[in-house]
There are 2 protein chains.
Amino acid sequence: MSSSNSGNWWKHLALYGITLGLLMASLQYSKLHILTYGQSEKWYIIVIAILFAAVGIWAGMRWNRKPATSKPDTPSPVLPKDQILAQLGITPRELEVLEQIAEGKSNQEIAESLFVSLNTVKTHLSNIFAKLDAQRRTQAIQKAKSLGLLP
Amino acid sequence: MSSSNSGNWWKHLALYGITLGLLMASLQYSKLHILTYGQSEKWYIIVIAILFAAVGIWAGMRWNRKPATSKPDTPSPVLPKDQILAQLGITPRELEVLEQIAEGKSNQEIAESLFVSLNTVKTHLSNIFAKLDAQRRTQAIQKAKSLGLLP
DNA sequence: CCCAAAATCACCCAAAAGTATGAAGCCTGA
DNA sequence: TCAGGCTTCATACTTTTGGGTGATTTTGGG
């Protein structure tokens, strides 16, 4: 209840909100004039509530939707791999590193597998990230795959 | 939700409703003088609006969350995805996280997209790694794909 | 031979990711 | 009602990654 309860309070809030809405609606229908507002003001409030609920639903669905349109990437690129590599300026060694991160290897493992130092792998990776415009290895993998550089 | 929840949520709802009703009634009686002023009515309407906006957002996310987990694309795994998931003990939420790391997102981004804390994402990931026998996110992606859990 | 690109490595620092442990609230099914 | 799985979150700690800079070697053409 004190400070770090952030998990579920808003669920309750939501329930309260829904309940409030139902309550107000039923109050309207039953003509129990408990509230001291005039008729027009009551309806005004209800309209506002419904309106905002609708807007909220729309916003919520909007906000949480994943970009489903990103599926039709480049499955059959017209350009051959070599050309894409050249275009991006990715060198053969960098591609090797790229392939290995896609296999789930750590930098250390890649270094050992290529017989180079960890620092070298990092350097290659930095260059790859710059050329693919990625911030993370997972992102680089994703981009490389959609470019057809990786299976 | 998977259709019917037998009968618990509406009980809470009813309870909240009753409580709220009593609360509102007492408010009416004790603060009649305030409510006669136009200013407090405005305030009340604003609260209603915010409340319903919150409810709407919540509902929208809720309705949008379930379809997110059920993916229509089933390549051709020998076992249905559900069965593999059950076998490994991977929960729906964990799968959601798994899907997002495969999209190249950072833990922080996933946390924001799922409206949970960073710590929660890490916990889910730890569990995923254990269940997939992976040490790294890239490895988990790899394994999940070869199992048909991811496209 | 000389140059330039590629490959290699080192440090340092910051940020992100991963590990371990404990715990609370919710939901479901027995 | 009670146990157990799921989800959530926290704290503390270690490891891995990523970013920036600079430097040395290799190598292949011109």
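Lettering of chains follows the sequences in order, A, B, ..., and the numbering in each one begins at 1. For the numbers below, each heavy atom of this structure counts, side chains included, while hydrogens, waters and symmetry mates do not.
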Can you tell which of [options] lies closest to the side chain of [X]?
X: A:S117; options: C:dA17, C:dT8, C:dA10; value: C:dA10
X: A:N107; options: C:dA7, D:dT17, C:dC9; value: D:dT17
X: A:N119; options: C:dA16, D:dT17, C:dC9; value: C:dC9
X: A:V116; options: C:dT19, D:dT17, C:dT8; value: C:dT8
X: A:T120; options: C:dT8, D:dC9, C:dG18; value: C:dT8

Checklist entry - With a 3.5 Å cut-off and no angle check, do the side chains of A:Q87 and A:Q83 form a donor-acceptor pair? => result no
Checklist entry - Touch check for B:T91, heavy atoms < 4.0 angstrom, all strands: base, sugar-phosphate only, or nothing? => result sugar-phosphate
Next on the checklist: Just to be sure I understand the rule, does A:E94 reach a base, reach only the sugar-phosphate, or reach nothing, if contact means heavy atoms closer than 4.0 Å?
Outcome noted: nothing
How close or far is atom [atom2] of [N] from atom [atom1] of [X], stated in whole angstroms?
X: B:Q108; N: C:dG18; atom1: CD; atom2: C1'; answer: 15 Å
X: A:K122; N: D:dG19; atom1: NZ; atom2: P; answer: 11 Å
X: B:L125; N: D:dT7; atom1: CG; atom2: P; answer: 13 Å

Checklist entry - Backbone N or O of A:Q100 within a donor-acceptor pair of the A:K105 side chain at under 3.5 Å? => result no
Checklist entry - For DNA chain C, whose closest nucleotide is more 5', that of B:R136 or that of B:T123? => result B:R136
Next on the checklist: Checking base pairs now: Watson-Crick or wobble, both atom distances under 3.5 Å. What partners D:dG30?
Outcome noted: C:dC1
Checklist entry - For A:R137, which of A:V97, A:L125, A:L98 qualifies under side chain to side chain contact (heavy atoms under 4.5 Å, CB included)? => result A:L125
Checklist entry - Of the options B:V121, B:N127, B:T120, which is the one that meets B:T123 in a side chain to side chain contact (heavy atoms under 4.5 Å, CB included)? => result B:N127
